[in-house]
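Reminder, nothing fancy here: chain letters follow the sequence lines and each chain counts from 1. Please read all numbers here as calculations on a predicted model, not as lab measurements.
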Protein chains: 2
Amino acid sequence: MRARDEQKKQQLTEKAIEMIVKDGFDGLSMQKLAKAANVSPATIYIYFKDRDDLVRQVAIHAVDKMISSTFTGFDPRMSFAKGLARQWENRMNYMLDNPLHARFMEQIRHSPLGVEVFRKVKEEFSAIMKEFMHGAIRRKELVKLPLEIYWSVAFAPLYQLVKFHNDGKGMHDKPFTLDKKLMKTTLKLVIKALTP
Amino acid sequence: MRARDEQKKQQLTEKAIEMIVKDGFDGLSMQKLAKAANVSPATIYIYFKDRDDLVRQVAIHAVDKMISSTFTGFDPRMSFAKGLARQWENRMNYMLDNPLHARFMEQIRHSPLGVEVFRKVKEEFSAIMKEFMHGAIRRKELVKLPLEIYWSVAFAPLYQLVKFHNDGKGMHDKPFTLDKKLMKTTLKLVIKALTP
DNA sequence: AATATAAATGAATGTTCATTCACTTATAAT
DNA sequence: ATTATAAGTGAATGAACATTCATTTATATT
């Protein structure tokens with residue numbers, strides 16, 4: 001027997017993300033990926049069933065990694081302001097430290113694969129977020145709202161800001177850089193919106 | 001001489017959007033598109049220089065159409081609350097009436113082509129939106145903010161809601177439908193966030 | 001009605017694609 | 001040290017791809 005080289009799978013995963021971010025889904029080919037990762041095309045098929053399975057696995061891996069990162073130092077019993085701040089920090093730090101992954105996930109999220117991939121990953125995650133939200137409502141720190149509205153107001157602005165940052169451009173092609181101060185300013189607005 | 005059949009270009013454009021929304025960018029092939037639009041593959045090259053030009057033109061067309069729709073009944077000198085409400089209504093109506101276009105644009109926006117396509121279209125658009133924002137700030141109806149923060153808080157939540165709606169699912173695979181009432185609730189929160 | 005012009009075509013063209021295959025190599029277990 | 005097993009390979013395969021080409025067809029102008 002010979003053991004699998006998990007580093008090879010990792011290498012394939014990272015190169016695939018690079019290629020997709022650079023050239024889109026139609027820029028990913030198995031032969032180019034093999035070359036980029038220094039393996040034979042046939043080797044890819046040891047780790048992935050086919051192209052479709054590769055994209056799915058890579059997507060699930062990326063989303064998983066990002067979602068775990070949002071929970072460091074977070075407890076759903078935290079106060080609303082504290083908990084949301086922690087979530088924003090975690091998400092922002094992760095996406096600014098891993099711009100390739102961030103862009104990749106945004107691409108996946110809005111592609112035909114998006115719904116499926118995010119569903120697979122979100123179960124544990126959204127249970128915790130639901131607990132956090134309901135706790136905050138009980139303590140009257142948060143307006144009573146449908147989960148989707150809460151989510152849209154609480155997080156969509158952050159993702160848009162990160163997108164501006166990773167594009168390097170704001171609204172008029174003007175350079176844009178997201179920093180902690182801008183993030184905090186925006187977070188304050190969001191908390192104001194959601195506080196009773 | 002023989003005149004170009006603009007209906008053919010229109011047909012190609014619509015079918016291309018359909019194919020990309022259904023199967024992603026890698027699901028669009030010239031031969032399949034030709035078949036779907038009932039023309040010969042060679043005909044495509046009369047209207048579009050090559051595949052890349054096709055995708056770009058289709059994207060610019062779609063973004064253009066949507067952006068014009070946001071301005072019906074809108075005047076940048078409107079009060080902040082009225083103007084933002086009109087923008088939200090216009091955008092929501094357009095995206096719910098044209099779910100294919102909405103999904104297509106979200107896909108483009110987050111693809112490697114996104115930055116370039118939206119830049120081309122946004123010039124006139126963002127001049128008007130800037131005027132609207134600055135007027136509102138002058139009248140103290142709106143907190144003074146960098147354009148990008150304003151944008152992220154003012155519009156990102158709406159796009160996320162529309163995405164939930166067009167996916168047909170909210171946070172836990174629970175069916176989700178966006179209606180005027182939910183939209184108004186969310187808009188109120190956003191206005192609360194942005195009002196001094 | 002004749003003509004000139006560009007639209008429109010179906011069948012090629014050469015390329016790139018995903019995937020497989022016959023084979024070699026590394027290594028864990030004996 | 002031997003062996004069994006699965007990792008790993010480079011070259012091949014056939015399908016699908018974007019694009020072109022030699023013709024045919026429609027039509028605006030004369």
Side-chain angles (χ1 to χ4, degrees), chain A residues 1-62 104 107-108 111-113 116-117, chain B residues 1-62 104 107-108 111-113 116-117:
Chain A
M1 256 249 273
R2 188 176 165 185
R4 281 200 186 177
D5 183 350
E6 281 304 316
Q7 214 195 337
K8 230 161 226 167
K9 188 168 185 179
Q10 188 54 33
Q11 177 74 326
L12 282 165
T13 301
E14 288 305 322
K15 288 288 173 190
I17 290 174
E18 257 175 58
M19 290 174 70
I20 290 171
V21 168
K22 187 157 173 286
D23 299 320
F25 285 102
D26 43 354
L28 176 75
S29 99
M30 302 304 260
Q31 334 219 31
K32 285 195 280 181
L33 174 60
K35 194 156 283 180
N38 284 310
V39 298
S40 153
T43 302
I44 300 176
Y45 292 84
I46 294 167
Y47 296 92
F48 305 98
K49 188 175 152 290
D50 53 30
R51 197 192 117 111
D52 200 64
D53 178 55
L54 172 96
V55 175
R56 258 170 242 269
Q57 277 199 51
V58 169
I60 289 174
H61 165 82
F104 174 69
Q107 229 170 295
I108 284 285
S111 80
L113 265 155
E116 177 196 342
V117 167
Chain B
M1 256 251 270
R2 188 174 165 186
R4 281 200 186 179
D5 184 349
E6 281 304 317
Q7 214 196 336
K8 230 161 227 169
K9 188 169 184 179
Q10 188 55 34
Q11 177 74 326
L12 282 166
T13 301
E14 288 305 323
K15 288 289 174 189
I17 290 174
E18 257 177 57
M19 289 174 70
I20 290 171
V21 168
K22 187 158 172 286
D23 299 320
F25 286 101
D26 43 355
L28 175 76
S29 99
M30 302 304 258
Q31 334 220 31
K32 285 194 280 180
L33 173 60
K35 193 154 283 179
N38 284 310
V39 298
S40 152
T43 302
I44 300 176
Y45 291 85
I46 293 167
Y47 296 92
F48 305 98
K49 190 176 151 290
D50 53 29
R51 197 192 116 112
D52 200 63
D53 178 56
L54 173 96
V55 175
R56 259 169 242 269
Q57 279 200 49
V58 169
I60 288 173
H61 165 83
F104 174 69
Q107 229 170 296
I108 285 284
S111 81
L113 266 155
E116 177 196 341
V117 167

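- For B:Gln31 against D:dA18, a side-chain N or O and a base N or O form a donor-acceptor pair under 3.5 Å.
- Listed pair B:Lys8 / C:dA8 meets the phosphate criterion, a side-chain N or O lying under 4.0 Å from OP1 or OP2.
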- request: Decide yes or no on side-chain hydrogen bond (donor to acceptor under 3.5 Å, both in side chains) for B:Glu14 and B:Gln10, but give the supporting numbers first.
  value: CA-CA 6 Å; B:Glu14 288 305 323; B:Gln10 188 55 34; 3.3 Å; yes
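- Interface remark: the A:Ser40 side chain does form a donor-acceptor pair with the D:dG10 base, using a distance-only criterion of under 3.5 Å.
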query: Hey, mind stepping through A:Lys32 and A:Asp23 against salt bridge (charged side-chain N to carboxylate O under 4.0 Å, His left out) and telling me if it holds?
result: CA-CA 12 Å; A:Lys32 285 195 280 181; A:Asp23 299 320; 5.4 Å; no
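- Looking at which nucleotide of DNA chain D each of B:Pro41 and A:Thr43 is closest to, the 5′-most match is held by A:Thr43.
- Residue-level contact check: A:Lys9 touches neither bases nor backbone, having no heavy atom under 4.0 Å from any strand.
- For the OP1/OP2 pair of D:dT5 and a distance below 4.0 Å, the side-chain nitrogens and oxygens of A:Arg2 include no atom meeting the criterion.
- Distance alone, capped at 3.5 Å, places no donor-acceptor pair between the A:Arg4 side chain and the A:Tyr47 backbone.
- Non-hydrogen atoms lying under 4.0 Å from DNA chain C are contributed by B:Ile46, B:Tyr47, all within residues 44-62 of chain B.
- Shortest non-hydrogen contact noted between B:Ser111 and B:Phe25 is CB-CE1, 4.0 Å.
- The side chain of A:Lys32 contributes no N or O atom lying less than 4.0 Å from OP1 or OP2 of C:dA18.
- We find that NZ of A:Lys35 is positioned 14 Å from P of D:dT9, with the value rounded to whole Å.
- Contacts of residues 14-30 of chain A with DNA chain C (heavy atom under 4.0 Å): A:Leu28, A:Ser29, A:Met30.
- Side-chain N or O atoms of B:Arg51 include one that pairs as donor or acceptor with a backbone N or O of B:Leu28 at under 3.5 Å.
- Taking each heavy atom of B:Ser40 and B:Ala34 in turn, the nearest pair found is C-CB, 3.9 Å.
- More than 12 heavy atoms of other shown residues, nucleotides or ligands fall within 6.0 angstrom of atom CD in A:Glu6.
- In terms of heavy atoms, A:Val21 sits closest to B:Pro112 at O-CG, 3.4 Å.
- Heavy atoms only, all atoms of each residue included: B:Asp50 and B:Met30 are closest at C-CE, 4.2 Å.
- At whole-Å resolution of the value, CG in A:Asp5 and C1' in D:dA6 are 13 Å apart.
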